[in-house]
Amino acid sequence: MKPTQIILLVIVLTFSQCFHDEFKVNPAKGDQPIITVKYLNTQIKNHSTNVTGTITLLENPLLHTTFYPSPSGCPGSAPVSVSSDFYHCSLAQNAGFFNMETLACLGPLVSDGKIIQNPSTIQSSFGITKYGNYSIGYIDQSTINDNVFQNLINARIWLIRAGKSFVDESEKIEKISQNFLNERAPRTAIGFNKKGQLLLGAVNGLESANEGLNLYEFADLMIENGFYYASNLDGGGSLTTYYKDKILNTCSDHCGSTNKDYPCPSPQGTCERLVTSIVCLK
Ligand SMILES: *[C@@H]1O[C@H](CO)[C@@H](O)[C@H](O)[C@H]1NC(C)=O
Ligand SMILES: *[C@@H]1O[C@H](CO)[C@@H](O)[C@H](O)[C@H]1NC(C)=O
Ligand SMILES: *[C@@H]1O[C@H](CO)[C@@H](O)[C@H](O)[C@H]1NC(C)=O
């Protein structure tokens with residue numbers, strides 16, 4: 001190739017990794033969030049036991065969806081129940097990935113129009129813009145710095161794009177380990193249906209016992225449950241769905257010095273993990 005061709009190729013590759021899709025958020029209004037929680041209990045091919053979890057639907061996402069850091073900010077952590085009460089959420093679910101040693105939030109985080117952090121990253125993100133669009137995919141730093149986002153959270157793997165699994169494609173861009181894709185584990189997702197209503201997915205499991213779903217199975221199950229687009233948020237022991245003073249999922253972290261005051265109802269002897277960010281519906 002000639003040098004000019006190489007330069008062109010580099011430009012194309014650079015820009016092709018910055019693509020994202022936009023979709024209009026359902027404009028339904030109202031003072032209160034309109035939330036429906038559906039319980040999952042379903043047979044999955046090659047699984048000996050049913051997969052359980054929840055699908056949360058928010059009919060009017062525009063004024064009722066915020067991504068928050070823990071009450072002590074980023075870095076920092078708190079149980080989802082504590083953050084949920086602190087921010088007066090109707091329903092809260094754990095959100096972004098974080099460094100479990102330093103408690104640093106990973107990737108960009110925009111909370112109620114405020115840029116909390118915006119590092120360079122090759123991970124996908126999920127956001128809602130100030131002009132009322134979902135924005136999902138590989139969003140560059142400068143777009144975020146232009147203050148177009150009302151809320152934005154980092155994800156690992158863009159799960160579903162226009163109704164189809166996008167796991168293989170995003171794996172190539174995000175360079176995620178095969179183990180992260182293939183292991184069965186508790187999973188959480190954020191996305192929306194064709195009407196532009198917000199959806200949260202949560203699937204129970206136990207990472208240490210390879211129970212739960214791999215990301216391919218997770219994408220397929222979320223498509224069956226109405227997701228048109230979805231991003232994979234932090235799963236494993238972080239999975240926590242908190243609604244009306246109750247934890248709806250099964251937990252997997254044992255109770256220890258930091259979390260013993262936040263027991264989970266099931267299974268016995270487990271407690272909430274302290275996480276760095278939440279999706280708050282309020
Ligand atoms: C919002 O998303 C739609 C696609 O669903 C697009 O046509 C429109 O241009 C976007 N709005 C802005 C301001 O970018
Ligand atoms: C497992 O899921 C199937 C639906 O896929 C359902 O009919 C069945 O009752 C479930 N089994 C249990 C034990 O809950
Ligand atoms: C189920 O297991 C078989 C044998 O291990 C494998 O060939 C097949 O791809 C699996 N199916 C799914 C849906 O994972």
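Remember, it's 1-based here, ligands and their atoms both numbered in the order they're listed. Worth knowing before you read on, the calculation uses all heavy atoms, side chains too, and leaves out hydrogens, waters and symmetry mates.
- Remark: Arg187 is positioned above the aromatic ring of Phe180, its terminal NZ or CZ atom under 6.0 angstrom from the ring centre and at most 45 degrees off the axis.
- Although no hydrogens or angles enter the test, the distance criterion places a donor-acceptor pair under 3.5 Å between the side chain of Thr240 and the main chain of Ser238.
- Close contacts of ligand 1 with Lys24, meaning ligand atoms under 4.0 Å from a residue heavy atom, involve 5 (O).
- Looking only at side-chain heavy atoms (C-beta outward), Ile153 and Leu233 come within less than 4.5 Å of each other.
- Taking a heavy-atom cut-off of under 4.0 Å, ligand 2 is surrounded by Asn41, Thr42, Gln43, Asn50.
- Cys pair Cys271 and Cys264 fails the test of SG atoms under 2.5 Å apart.
- If you number the atoms of ligand 1 from 1 as listed, the ones under 4.0 Å from a heavy atom of Tyr131 come out as 11 (N), 12 (C), 13 (C), 14 (O).
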#### Entry: Trace of the side-chain contact (heavy atoms from CB on, under 4.5 Å) decision for Glu217 with Lys45
CA-CA 9 Å; Glu217 296 167 331; Lys45 208 175 161 196; over 6 Å; no

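- In this structure a side-chain-to-backbone donor-acceptor pair under 3.5 Å is missing from Thr241 to Gln93.
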### Task
Please step through ring pair (Phe, Tyr, Trp, His ring centres under 6.0 Å) for the pair Tyr228 and Phe23, ending with a clear verdict.
CA-CA 10 Å; Tyr228 189 52; Phe23 195 88; 5.7 Å; yes

